[in-house]
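Fair warning: this is a prediction, and the values are worked out from it, not measured in the lab. Only heavy atoms go into these numbers, but all of them, side chains included; no hydrogens, no water, no symmetry mates. Read the numbers this way: they start at 1 and go in the same order the structure lists the ligands and their atoms.
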Amino acid sequence: MKERTLAIIKPDGVAKNLIGEVAKRVEMEGLKIVAMKLIRMTKNQAKGFYKVHEEKPFYESVTDFMSGDPSVIMVLEGEDAIRKYRRLMGATNYKEAEEGTIRRDFATDIEKNVVHGSDSAENAAFEVGYFFNSLEIMV
Ligand code: GDP
């Protein structure tokens, strides 16, 4: 089924000049980038985005990390896009990520793990709408 998913190149990924590398892997996988922008999230935007993790001990830290420095926000489209992009990213903890995944290749920390991808259709719809309006997404 054709799906959309929200992908982020997190501030550590942008700082490491990985925008092109991540975009290349996305395109090689056959996914289309249908929206893309460079943004600097505010602390409140990051808190809203990670609201599901509000109770977690790392909530303050991850929302500090995600705000203040630029990230690239993309909408990816394609067959099975959510699962395909999650597979490209690898496990949250880069030490557990499979070889050849973005996190295994480039992450240095469980928090500073280079990329984000929606983990379900429901979350993808929320996350795409959180950063983009419909006019910004190519059809
Ligand atoms: P994801 O879907 O693979 O990004 O993982 P989660 O939704 O579980 O966590 C969201 C983000 O919070 C992760 O990508 C990390 O940046 C951060 N995170 C997750 N677990 C931890 C943790 O145990 N410690 C810290 N410091 N950050 C974490």
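At the top of the distance list for atom 3 (O) of ligand 1, counting protein heavy atoms only, stands Thr92 OG1, 2.6 Å.
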_Would Lys10 and His116 count as a side chain to side chain contact (heavy atoms under 4.5 Å, CB included) here? Give the steps._
CA-CA 7 Å; Lys10 295 183 177 184; His116 166 84; 3.8 Å; yes
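By the criterion of a heavy-atom distance under 4.0 Å, neither the backbone nor the side chain of Glu60 is placed next to ligand 1. In Lys10, the part holding a heavy atom less than 4.0 Å from any atom of ligand 1 is the side chain. At a 4.0 Å heavy-atom cut-off, ligand 1 touches Arg86 through the side chain alone. Proximity of Phe65 to ligand 1, defined as any heavy-atom pair under 4.0 Å, is not found for any part of the residue.
Here is the list of ligand 1 atoms found below 4.0 Å of a heavy atom in Glu111: 15 (C), 16 (O), 25 (C), 26 (N), 27 (N). Near Asn113, meaning under 4.0 Å from any of its heavy atoms, are these atoms of ligand 1: 13 (C), 14 (O), 15 (C), 16 (O).
Of the charged side-chain nitrogens involved, none lies within less than 4.0 Å of a carboxylate oxygen, so that Glu27 and Lys24 do not count as a salt-bridged pair. With respect to Arg103 and Glu98, no salt bridge is recorded, no charged nitrogen being found less than 4.0 Å from a carboxylate O.
At least one heavy atom of Val62 sits under 4.0 Å from some atom of ligand 1.
The shortest N or O to N or O distance between Lys112 and ligand 1 is not below 3.5 Å.
Counted by atom type alone, Gln45 and Ser67 present zero donor-acceptor pairs between their side chains at under 3.5 Å.
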